[in-house]
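The basis for the numbers below is simple: all heavy atoms, side chains too, and nothing from hydrogens, waters or symmetry mates.
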Amino acid sequence: QVQMVESGGGSVQAGGSLRLSCASSRLPFAIYCMGWFRQVPGMEREGVSVIYKDGTTRYAESVKGRFTISRDNAKNTLYLQMNSLKPEDTAMYYCAAKLVLDSRKCNFDGWADFPGWGQGTQVTVSS
């Protein structure tokens, strides 16, 4: 069974940086649309950023210019570089994969059925 393993979270002050990583030994990242999501208790999971296999990326408006998604297909690892962190970025962060046919469908829709949600990694930003 596929399961993602997220790491790299922590507690930082506003303005700080963190780099999240996501790995899975059973999923060939190279062929998938990969995404980062976050969730605050009591709220729905929201999309943060996605990256298609051709490198096409999308970002939520709230993180544009501050976060950068990247992938290392050779290492089967997904990254999220988070700079200029704000208290509102505080959340549990998750990664996921979706098989789509073109970059236009690598977006924030249709991820709820992904079967391999991991434990996530907690990001806490203090003011």
Which atom pair, heavy atoms only, marks the closest approach of S62 to R66?
O-NH2, 2.8 Å
What distance do I51 atom CD1 and C106 atom SG have between them, rounded to the nearest 0.5 Å?
8.0 Å
Counting distance only, does the side-chain N/O of T121 pair as donor-acceptor with the main-chain N or O of G9 below 3.5 Å?
yes
For L78 and C95, which heavy atoms make the closest approach, and how far apart are they?
CD2-CB, 4.0 Å
Note: A97 and M34 closest approach over all heavy atoms is CB-SD, 3.5 Å
Can you establish whether the number of heavy atoms outside I31 located under 6.0 Å from its atom CD1 is more than 12?
yes
How long is the straight-line distance from CZ of R38 back to CD of E46, given to the nearest 0.5 Å?
4.5 Å
Say you draw a straight line from CD of Q13 to OG of S126; how long is it, rounded to the nearest 0.5 Å?
5.0 Å
Pairs in or reaching into residues 95-112: which pass side chain to side chain donor-acceptor pair (under 3.5 Å), with residues at least two apart or in two chains?
D102-R104
In sequence, state the C-alpha distance, the side-chain angles, and the governing distance for Y32 and K53, and then conclude on side chain to side chain contact (heavy atoms under 4.5 Å, CB included).
CA-CA 6 Å; Y32 283 85; K53 58 183 181 180; over 6 Å; no
How far apart are the C-alpha atoms of V50 and T57, what are their side-chain angles, what is the distance that settles it, and do they pass the side chain to side chain contact (heavy atoms under 4.5 Å, CB included) test?
CA-CA 6 Å; V50 294; T57 58; over 6 Å; no
Qualifying residue, where the test is ring-ring contact (aromatic ring centres under 6.0 Å, His included) with F37 and the options are W117, Y93, Y94, F114:
W117
Using ring-ring contact (aromatic ring centres under 6.0 Å, His included) as the criterion, list what pairs up with F108, not counting sequence neighbours.
none
Do L20 and Q81 pass the side chain to side chain contact (heavy atoms under 4.5 Å, CB included) test, and can you show the C-alpha distance, the side-chain angles, and the key distance before you say yes or no?
CA-CA 6 Å; L20 306 185; Q81 178 66 43; over 6 Å; no
Linking I/L/V/M/F/W/Y whenever any side-chain heavy atoms sit under 4.5 Å apart, do V123 and V5 land together?
no
Distance (rounded to the nearest 0.5 Å) between N83 CG and T68 OG1
6.5 Å
Checking side-chain polar atoms at under 3.5 Å, does D72 have a donor or acceptor matched by the opposite partner on T77?
no
Ignoring hydrogens and angles, tell me if any N or O in the side chain of R71 forms a donor-acceptor pair with the backbone of F29 under 3.5 Å.
yes
Hydrophobic cluster membership, L27 vs V100, 4.5 Å side-chain cutoff:
no
Under 4.5 Å between side-chain heavy atoms, counting indirect links through other Ile/Leu/Val/Met/Phe/Trp/Tyr residues: same cluster for V125 and V40 or not?
no
Closest heavy-atom pair, G120 versus E6, reported as atoms and distance to 0.1 Å, is N-OE1, 2.9 Å
Could you walk me through whether I69 and Y79 pass the side chain to side chain contact (heavy atoms under 4.5 Å, CB included) check?
CA-CA 6 Å; I69 191 172; Y79 302 101; over 6 Å; no
At their closest point, which heavy atom of S127 faces which heavy atom of P87, and how far apart are they?
CB-CG, 3.9 Å
Between atom CG of D89 and atom OG of S84, what is the distance when rounded to the nearest 0.5 Å?
9.5 Å
Around atom CD of Q119, are there more than 12 heavy atoms of other residues, nucleotides or ligands at under 6.0 Å?
no
So SG of C33 and CG of L101: to nearest 0.5 Å the spacing works out to 11.5 Å
Which residue pairs pass the ring pair (Phe, Tyr, Trp, His ring centres under 6.0 Å) test when at least one of the two sits in residues 39-78, sequence neighbours left out?
none
